Amino acid sequence: MAAVTANARGVVTDPAGVSPRDSRPPAPGAGGRSAESWKGHIIRELKHRDLSQHAMFQDLIRFYTQLLEKTSLTKGLLSSSARRPPAGSAPLSSLLQQSIQLKKTTGELAYQVVELQQQIKIKDSVLEEQHARLLQERRCLSRVSDAHQELRAQVEQVQGQNTALKVEYDALLERQRAAEAKLRQETVRGEELLAKVMKRKNQAAARMNSHNERRSRAREATLQAAARSKVNLDRSAVHPLSSTSPSSGFSNSSSAPSSRSTSPKNEKRDASMERKPMRLVRSASVTSPRILTSIKELFEKRRGHSVCSQEEDLVSPVRICVSARVPARALQVLDAHEQDINAVRFSSSSDLLATGGTDKVIKLWEVRAGLLTHRGTLDGSTEGITCIEFDPMGFRILAASYSKAAMLWQLGDSVPKVTLTGHSRKVTAARFSSILHQVVTGSADGSIRLWDLRRAACLQSRNVAKYCSDLVCSENCIISGHYDGQIRVWDSRAASCVQVLPAQGKVTSLDLSSDHRQLLSCCRDDCLQLFDLRRWSNERVTFRADGFKCGSDSTKAVISPDCCYLAAGSADGAVYIWNVSTGKLETRLPDKHSSSISAVSWSLSGEYFVSVDKSKRAVLWSDM
Amino acid sequence: IMADDKDVLRDVWFGRIPTCFTLNQDEVTEREAEAYYLLLPRVSYLTLVTDKVKKHFLKVMRTEDVEEMWFEYEGTPLKWHYPIGVLFDLHASNSVLPWSITVHFKNFPDRDLLHCPSSSVIEAHFMSSIKEADALKHKSQVVNDMQKKDHKQLWMGLQNDKFDQFWAMNRKLMEYPTEEGGFRYIPFRIYQAMSDRPFIQKLFRPVSPEGNAYTLGDLLKEMYPAAITNDGEQKRYQVVIHGIEPLLETPLQWLSEHLSHPDNFLHICVVPTPSD
């Protein structure tokens with residue numbers, strides 16, 4: 001048997017050659033063995049097998065493998081190195097010794113070589129790594145320098161652009177400087193021109209004022225002389241002049257006093273005046289009714305002709321009220337409209353009254369003998385009426401309405417002749433301009449428009465962007481009142497705002513005195529303000545009264561035709577009348593209206609006064 | 001007891017054979033080839049664990065002289081498709097250790113050996129063995145219920161020598177209904193050292209019709225009566241499994257469960273008792 005047997009018990013030498021069968025089975029076979037003895041046998045045998053076949057050789061084989069690796073390495077080295085020639089005659093033993101020594105050294109060297117090779121390998125790998133890093137860094141550097149170059153180019157480009165811009169900017173600056181210099185020059189010239197214009201205007205105004213003053217003084221003097229002569233006549237002879245024809249040529253009002261009207265009515269009035277001389281204390285002339293009657297007759301006659309040439313239009317009569325009478329008594333109270341009455345206006349001849357209301361119609365009333373008689377209705381408006389005005393001749397009526405339009409009627413026709421549309425909100429005011437065939441309207445849309453009646457076209461529109469509540473027209477200017485508490489004066493020729501007069505709160509209405517010298521404004525803070533237009537200044541007189549309360553945003557106040565009184569209706573239904581010269585309340589007329597008074601109107605004759613309110617009612621007042 | 005069973009499984013799995021590989025003298029080499037020593041796993045296959053051997057000898061050879069590697073022991077070409085343990089027990093169980101195997105790189109004996117161009121061939125052979133064994137044990141039910149990855153787990157367990165990975169799956173193949181007392185048939189193969197017949201494989205149940213468990217002795221009596229030594233006779237044969245001789249009264253079912261190779265077969269080698 002060989003040194004080691006695979007299936008043997010693992011004893012290295014078993015010269016006895018005892019087979020497993022011989023040695024083992026007898027023990028279990030001896031009897032009394034457990035059911036699991038076969039398993040124990042297997043476990044034991046397996047352990048034994050592993051001991052002899054596995055454990056014994058495990059280390060040996062490992063070492064061998066390592067040695068094998070080493071020697072193969074060494075061999076590789078040796079085979080490559082040059083072989084030394086044999087020593088020659090040296091004794092064999094020493095050669096052997098040397099050989100052993102050499103082998104030993106070789107082994108050591110080989111080991112060192114291995115170690116060194118290992119180190120070389122490590123260094124190589126480190127070097128390689130560093131090379132790779134270097135390469136990477138170089139690449140990075142080149143990238144960065146590229147980027148740098150690019151950025152530099154960009155910088156240069158931007159600098160170039162900047163220089164170009166700077167040049168451009170300098171040129172512009174130069175141009176601006178030139179333009180500014182020019183502007184300064186122009187401004188100076190403009191100022192000079194303006195000063196010149198103002199000077200001329202002031203001169204003209206002064207001339208006009210003195211002229212007017214002279215004229216009115218002369219007229220007054222004439223009237224007083226006439227009155228005196230009349231009174232004398234009346235007293236001396238009652239009847240002899242009755243045959244005088246009324247058609248003896250009254251071409252204008254200034255000749256009125258010379259009319260020897262001898263109508264029974266006049267007789268009667270004269271008589272009554274004589275009975276009540278106390279009434280005449282304030283009255284400058286007792287003849288005024290008579291004068292006005294003659295005027296009326298004159299115009300009735302004209303109306304009868306029904307031909308109104310342009311010539312006649314141009315020669316508008318100058319109507320002067322010598323004195324107005326302070327109303328004291330309600331002559332008539334009537335429900336004039338179906339709904340609120342917003343506007344009321346006497347015609348210039350004082351015998352016709354127009355009222356307009358929310359019921360969309362304008363009603364015409366004849367004023368005769370202290371009574372209002374309904375004479376006609378003008379319809380055609382699709383919305384409520386806000387403002388009414390007669391033309392100076394009394395043949396046409398201009399009205400503004402909620403329907404964003406203004407309308408013009410001929411007195412004879414019930415449908416409007418012209419409708420002016422263009423405003424974007426309700427029209428609050430419509431007035432005849434001082435220029436023939438032109439009217440001016442103001443609207444809640446904040447614009448003021450100038451219209452040509454012949455073409456029914458808008459000539460001009462001025463936008464204030466502030467609610468315009470009312471406006472009036474003077475010779476050369478348009479004056480508008482606004483909700484922003486400002487009264488603006490416009491040059492009707494230049495279309496520019498020449499002055500702003502601050503008022504107190506929302507302006508609800510404006511009125512111009514008959515001599516165009518004074519402007520009345522009614523404000524929402526329950527006061528009236530009177531401006532002197534001749535002075536072109538902010539000076540004003542303010543009128544207030546206990547109990548007077550401005551009832552709405554469109555309450556209308558008026559100046560009496562003789563410019564001595566101011567009148568306005570209050571929210572409490574009473575009419576308040578102030579004396580301009582004293583600045584005090586002259587009288588208060590309560591009890592006739594049961595709701596807020598929206599508008600009042602004073603007849604140009606000074607004889608009648610009408611107030612209208614929010615509950616359909618109109619009241620005719622007089623001093624008697 | 002169960003711990004013991006587990007130890008048995010481990011010992012079977014980790015069984016190693018010290019082997020010395022020497023290059024065939026006829027091979028053309030550039031210089032002398034050293035012998036190569038290796039501990040071969042008994043349960044694995046030769047071509048699966050000899051990459052290092054091949055590498056070692058290729059160092060001294062020219063590539064044009066190299067053909068498919070094959071092994072030979074004392075004139076017998078070694079079949080790679082038998083487990084290594086079987087080859088050793090069958091051919092060299094009583095020889096001197098380490099087991100000396102000669103390595104050849106030419107003259108492949110096509111008549112005796114199967115070609116093994118890659119490990120996928122080994123895998124296919126291994127899996128087919130498992131399937132065959134399960135067909136005997138469970139009518140293929142268990143192996144067919146497994147997924148592809150479960151099959152892969154068995155193979156990878158063997159290839160990478162992972163005992164736990166292999167047995168986590170192989171456990172299923174070793175189950176059987178308790179009332180039956182064992183598998184349907186025992187997958188076994190009996191190899192004879194001195195015969196040209198490859199092996200004996202027949203149907204054999206683990207339990208007798210009367211309900212008695214069959215033993216290794218019962219199997220041999222049926223399959224190879226000559227292997228059993230009768231009373232008074234000189235022992236002529238050794239019955240070797242995994243390098244040991246289990247007692248004949250060992251229950252066959254238990255042997256099948258614990259001493260089977262990873263291919264699920266119980267490989268039994270009958271070798272002549274060595275004479276002095």
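Quick caveat: nothing in here was measured; it's all calculated off a predicted structure. All heavy atoms count here, side chains included; hydrogens, waters and symmetry mates do not. Naming: A, B, ... by sequence-line order, numbering from 1 per chain.
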Among residues 62-70 of chain A, residues within the sub-4.5 Å heavy-atom range of chain B, in order of number, are A:Tyr64, A:Thr65, A:Leu68
Could you go through A:Glu180 and A:Arg177, starting from their C-alpha distance and side-chain angles, then the distance that decides it, and tell me whether this counts as salt bridge (charged side-chain N to carboxylate O under 4.0 Å, His left out)? CA-CA 5 Å; A:Glu180 265 176 5; A:Arg177 239 176 254 140; over 6 Å; no
Heavy-atom count check: over 12 atoms from other residues, nucleotides or ligands less than 6.0 Å from A:Glu115 CD? yes
Cationic N near anionic O, under 4.0 Å, A:Asp445 to A:Lys404: no
Tell me the side chain to side chain donor-acceptor pair (under 3.5 Å) pairs involving residues 126-135 of chain A, sequence neighbours left out? none
Show me, pair by pair, the donor-acceptor contacts under 3.5 angstrom made by side chains of residues 252-270 of chain B, not counting sequence neighbours?
unit_1, atom_1, unit_2, atom_2, d
B:Gln253, OE1, B:Phe183, N, 3.0
B:Gln253, NE2, B:Glu257, OE2, 2.8
B:Trp254, NE1, B:Asp5, OD1, 3.4
B:Trp254, NE1, B:His258, ND1, 3.3
B:His258, ND1, B:Trp254, O, 3.0
B:Ser260, OG, B:Ser256, O, 2.5
B:Asp263, OD1, B:Phe265, N, 3.0
B:Asp263, OD1, B:His267, NE2, 3.3
B:Asp263, OD2, B:His267, NE2, 2.9
B:Asn264, OD1, B:Lys137, NZ, 2.6
B:Asn264, ND2, B:Asn170, OD1, 3.0
B:Asn264, ND2, B:Pro262, O, 3.0
B:His267, ND1, B:Tyr191, OH, 2.7

Just wondering, are more than 12 heavy atoms of other shown residues or ligands nearer than 6.0 Å to CD in B:Glu32? no
Ranking B:Leu39, B:Ile241, B:Thr215 by heavy-atom pairs under 4.5 Å to chain A gives rank one to B:Leu39
Find the one option among B:Lys52, B:His56, B:Lys59 whose heavy-atom pairs under 4.5 Å with chain A are most numerous. B:His56
Which atoms of B:Phe14 approach chain A - backbone, side chain, both or neither, heavy atom under 4.5 Å: backbone
Pairs involving residues 157-173 of chain A, ordered by first then second residue, that meet salt bridge (Lys or Arg N to Asp or Glu O under 4.0 Å) (sequence neighbours left out): A:Lys166-A:Asp170
